[in-house]
There are 2 protein chains.
Amino acid sequence: MLYAVFMSSALPPFPPQKPLDVSPLLEVGTAPGEPCLRADAARNRARLLDAAARLIAEHGVAGVTMEAVAAAAQVGKGTVFRRFGDRTGLLMALLDHSDRQLQADFLGGPPPLGPGAPPLERLRAFGPAVLYRSAERLDLQLAAQPEPTRRFSHPAVQALRIHVVMLLRQIVPHADCELLAQTLLASLDPALIHYHTRQRGMPLERLATGWIDLVDRVTGAGPHR
Amino acid sequence: MLYAVFMSSALPPFPPQKPLDVSPLLEVGTAPGEPCLRADAARNRARLLDAAARLIAEHGVAGVTMEAVAAAAQVGKGTVFRRFGDRTGLLMALLDHSDRQLQADFLGGPPPLGPGAPPLERLRAFGPAVLYRSAERLDLQLAAQPEPTRRFSHPAVQALRIHVVMLLRQIVPHADCELLAQTLLASLDPALIHYHTRQRGMPLERLATGWIDLVDRVTGAGPHR
DNA sequence: CCGTAAGCGGACCGCGGTCCAGTTTTGTTC
DNA sequence: GAACAAAACTGGACCGCGGTCCGCTTACGG
């Protein structure tokens with residue numbers, strides 16, 4: 001089963017971009033196909049992303065100031081905003097690649113994450129995959145968090161949601177899968193990961209096995225049964 | 001079973017305040033007892049909170065600008081920050097009363113929320129209680145959300161966590177209750193409530209029954225079984 | 001009454017975000 | 001391939017707000 005999801009890499013209210021894979025079956029977001037930038041615009045975009053990445057490497061996420069990025073990319077401040085909407089947009093664009101990677105993995109990668117394995121197995125594998133991916137570059141993930149109102153509208157997040165809903169529907173068809181999916185995803189929230197691992201000192205493995213246990217409980221596969 | 005929890009109403013890294021009820025058994029946060037403000041400071045604090053509330057009523061949460069609040073309270077800007085640490089602190093102070101109310105309800109109120117009912121019943125009742133409380137003044141709750149790193153350190157949040165952990169321990173002693181509790185709470189996050197009700201049009205009742213279903217699944221009380 | 005710690009307030013700073021006059025690119029027409 | 005008009009893009013001046021700082025004032029205990 002395949003569905004196309006748009007991933008952000010630009011403009012204000014998450015105006016999505018490239019469909020990730022074949023056969024569009026479900027479009028998250030709204031917008032028209034990718035705008036296809038003008039040559040100079042594309043060049044500047046690349047330079048900005050590059051500059052941002054460099055700044056992070058040197059001064060951490062906090063060092064990524066819109067002005068600094070603009071300066072480092074030899075570009076006007078206005079250009080940064082035009083291209084990425086706001087700081088969050090820029091930061092998320094930096095995560096875009098990894099978003100797509102993950103998405104490709106669970107949409108078309110090898111089992112148990114990708115298609116081929118039974119839904120429950122896929123769901124079990126899903127948590128750790130997200131977990132470990134978020135754990136690297138966690139600080140960037142945190143900084144890229146948009147204001148609460150938009151947390152869930154981001155295309156990449158929507159993609160996760162839809163995927164989980166789809167799996168859940170196959171496992172527990174009679175449940176309120178929309179709600180259940182959000183709850184499961186909430187337990188993978190970067191902020192929560194940060195809290196668990198960095199402030200409470202839990203190892204990532206514990207979170208991973210916690211996810212599996214959670215999935216089992218929620219789907220009625222029951223742990224220790 | 002009783003435990004005291006400190007509730008915020010002031011200063012930077014959530015320097016807690018009044019223990020809520022008798023027999024301190026568990027202190028969330030760190031600080032010494034409440035500092036007991038000087039007379040003029042207390043007066044100004046009240047005036048600030050009052051001014052803030054008025055501003056919200058008139059111009060919505062967005063109208064609550066630190067300068068505006070200071071001006072409306074006839075007080076210097078610095079004073080606002082000294083008292084509340086930052087904007088988030090001020091906003092949270094506005095929610096403090098309702099926080100304490102809720103806490104009192106599940107710590108010492110009548111069953112099924114309060115002690116007296118069996119743990120599972122209390123847990124079932126807990127979700128809707130939080131849900132309905134957050135739903136009113138939802139915009140304030142959202143605006144009061146601190147940066148992701150601090151979301152879970154706020155005393156009021158800690159109090160909820162501890163309570164849920166305690167209930168869970170009685171219901172599913174062999175599970176990883178810490179993790180489970182956070183997951184359950186995550187499903188009650190104001191941002192999530194906002195998304196569900198305002199952006200996806202789900203009625204609050206659906207969330208409430210969703211909580212109960214979730215609790216049943218997680219605890220193995222199983223729905224439809 | 002006095003010493004001192006607590007509180008006060010407003011000038012100041014940096015950053016995110018907006019705006020718009022001017023420039024560059026692109027596609028079109030002869 | 002030259003000229004041209006519309007569209008897209010650019011950059012930096014500008015704004016408002018959150019947050020800091022520090023010299024002055026005020027409340028309070030002795």
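For the numbers below, each heavy atom of this structure counts, side chains included, while hydrogens, waters and symmetry mates do not. Values in this document were obtained by computation on a predicted structure and should not be read as measured data. Labels below follow one simple rule: chain letters A, B, ... track the order of the sequence lines, proteins then strands, and each chain is numbered from 1.
- For A/Arg83, a side-chain nitrogen or oxygen approaches OP1 or OP2 of D/dT10 to under 4.0 Å.
- What separates CZ of A/Arg45 from P of D/dT10 is a distance of 12 Å, to the nearest Å.
- Inter-residue side-chain proximity for A/Arg161 and A/Val157 is flagged as unmet; no heavy-atom pair is nearer than 4.5 Å.
- Nearest-nucleotide positions on DNA chain C for A/Arg43 and B/Gly78 put B/Gly78 closer to the 5' end.
- Considering only the side chain of A/Lys77, D/dC14 comes nearest among D/dG18, D/dC14, C/dG7.
- The shortest side-chain heavy-atom distance between A/Leu138 and A/Arg198 falls under the 4.5 Å cut-off.
- Proximity note for A/Arg87 (side chain, C-beta onward) versus D/dG19, C/dG17, C/dC8: the nearest is C/dG17.
- Taking atom CZ on B/Phe84 and atom P on D/dC17, their separation rounds to 19 Å, with Å as the unit.
- Counting non-hydrogen atoms under 4.0 angstrom, B/Thr65 reaches the backbone sugars and phosphates but no base.
- For the pair B/Ile56 and B/Leu94, the tightest heavy-atom approach, listed with the atom from each and the gap, is CD1-CD2, 3.9 Å.
- Spacing between atom CZ of A/Phe81 and atom P of D/dC15 amounts to 17 Å, rounded to whole angstrom units.
- Atoms CG (A/Leu91) and P (C/dC15) sit 15 Å apart, rounded to a whole Å.
- Considering only the side chain of B/Thr79, C/dG9 comes nearest among D/dT10, C/dG7, C/dG9.
- Atom CZ in A/Arg82 sits roughly 16 Å away from atom P in D/dG12 (whole-Å rounding).
- Atom CE of B/Met66 and atom P of C/dC15 are 20 Å apart (whole Å).
- Of the candidates A/Leu207, A/Leu192, A/Leu214, A/Leu207 is the only one forming a side-chain contact (heavy atoms from CB on, under 4.5 Å) with B/Leu179.
- Closest approach of B/Thr88 to B/Ala144, counting heavy atoms only: CG2-O, 3.1 Å.
- Considering only the side chain of A/Val75, D/dG11 comes nearest among D/dG18, D/dG11, C/dG7.
- For the pair B/Glu67 CD and C/dG10 C1', the computed distance is 10 Å after rounding to whole Å.
- Nearest nucleotide to the side chain of A/Asn44, out of D/dT10, C/dG17, C/dG7: D/dT10.
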